[in-house]
Amino acid sequence: MTRVRTALVIGGGIAGPVTALALRRAGIAATVHEAYPSTADGIGGTLALAPNGVAALRTVDAADAVTAIATPIHRTVMAVGRKRIDLPGLADVPPLRVVHRNELHRVLHERARAEGVPIEHGKRLVEARETAAGVTATFDDGSTATADVLVGADGVRSTVRTLIDPAAPGPRFTGLLGFEAVARHEVDVEPGTMTFTFGRRGYYLYWPEPGGGTRWGVNLPGQRPMSLVEARAVAPQEWLRTLRAAYADDDPGRDLLRTSDPTGLQVVGALHIMPPVPHWHRGRMVLVGDSAHAPSNSSGQGASLAIESAVQLARCLRDLPDVGSAFATFERLRRARVERIAARAARINQAKAPGPVARALMPLLMPLLVKTAMNPEKTVGPEQRYVIDWDAPVAPEPARR
């Protein structure tokens, strides 16, 4: 076991509280430092938690609280034109869970505080200084904090990532803008069904909302990335006019957009992914979650991978003899898995904005593709059946020759 007894966790989104909870279970006292003055405050839309993500939450006793606020998805359907094709799924695994990001943040923060994890808001990291004994973080309000290690759980625009490696890549625009709302229009599908739809001008998905209406999300092709501030500076009524024009020829896209209230439109803004990050750690600093690996939302795995990494980092710091070997082994356990999933999601992204020829052929080719190429055990089986054995000791990174 390392001599690590304290940790600074930078970022209070998803990976941050889970990291602190897992570290606490490993015998390491962690404090979460969040840049914003409170939790997400409605920022961000709905996200999916795959079975492997829920399994990792179980390690920190948060699975029940999270699944209680989530909507289970038991069936997925692909819609191309007028065709509706049931997508094959995995047998004997729990359903996908969809939950609003803000609600997930709230529950994770409540769980962390219940376990005695301090969460300090309004603490935006600006610098970190390492010594032989620890690392001291400096925040934009002039305050400082010191611990044995510092964990960057601060998302795709991570400050910690640039402190570890000033030449590290930043997030990459996927070419898609995200929007979400709940429409009054009721779709004629059974509850728990998520439909992925290739519209004439853009991709969208929808599912019946518990309590009435239909929740939809749109990935609209965009010419340039827009920050969240830029996207929200456009009036919701203007965005809805754009979306209604884009999906006017689609069924049920047309009715979903027509019956959505501008006041309920969630503007997610530009969708980004993280390209491979060369350096996940340096000295006493390490990255976890989206700061190191952020596949596109097409993967359905972004949040789940962040939760897994939080748990694996805690195991490594619990079992290995020094910080360097713990961080190196953590990266070995995670890098291949997250980059393989990111590559799969990137291939899906390319299909979300097909050209006119591809759109014409999709109704003919998709049923054949589903039957011949979409083997869920091969494509998502290794992803969703993945379970971390918390009690198993972690073996160190093999020595390089």
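Because the structure is predicted, anything quoted here is derived from the model rather than measured.
Because its NZ or CZ atom is both nearer than 6.0 Å to the ring centre of W390 and within 45° of the ring axis, R318 counts as a cation-pi partner of that residue. Figure legend: cation-pi geometry between R124 and Y36, with NZ or CZ positioned under 6.0 Å from the six-membered ring centre and within 45° of its axis.
Listed by first then second residue, pairs satisfying salt bridge (charged side-chain N to carboxylate O under 4.0 Å, His left out) with a partner in residues 291-302 number zero, not counting sequence neighbours. Listed by first and then second residue, the salt bridge (charged side-chain N to carboxylate O under 4.0 Å, His left out) pairs that reach into residues 67-80 are R75-D86, sequence neighbours excluded. Listed by first then second residue, pairs satisfying salt bridge (charged side-chain N to carboxylate O under 4.0 Å, His left out) with a partner in residues 216-228 read R224-E230, not counting sequence neighbours. Applying the salt bridge (charged side-chain N to carboxylate O under 4.0 Å, His left out) test to pairs two or more places apart or on separate chains, those with a residue in residues 255-279 are D255-R258.
Not a single ring-ring contact (aromatic ring centres under 6.0 Å, His included) links Y206 to another residue, sequence neighbours left out. With sequence neighbours excluded, the residues that form a side chain to side chain contact (heavy atoms under 4.5 Å, CB included) with A392 are R315, D389. W239 pairs by the ring-ring contact (aromatic ring centres under 6.0 Å, His included) definition with F179, not counting sequence neighbours. Under the rule for a side chain to side chain donor-acceptor pair (under 3.5 Å), R254 has no partner lying at least two apart in sequence or in another chain. Here A153 pairs with V9, A15, V288 under the side chain to side chain contact (heavy atoms under 4.5 Å, CB included) rule; sequence neighbours left out. The side chain to side chain donor-acceptor pair (under 3.5 Å) search around E120 returns none, not counting sequence neighbours. In this structure E339 satisfies the side chain to side chain donor-acceptor pair (under 3.5 Å) test together with R335, sequence neighbours excluded.
Below 30°, between 30° and 60°, or above 60°: for W280 and F330 the angle between ring planes is between 30° and 60°, a tilted geometry.
No side-chain donor-acceptor contact under 3.5 Å links R161 and S291.
Counting heavy-atom neighbours within 6.0 Å of R25 CZ, excluding the residue itself, gives a total above 12.
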For residues 185-196, run the donor-acceptor check on the side chains, cut-off 3.5 Å, and write out each pair with its distance to 0.1 Å, sequence neighbours left out.
residue, atom, partner, partner atom, Å
E186, OE2, G213, N, 2.9
T193, OG1, E190, O, 3.0

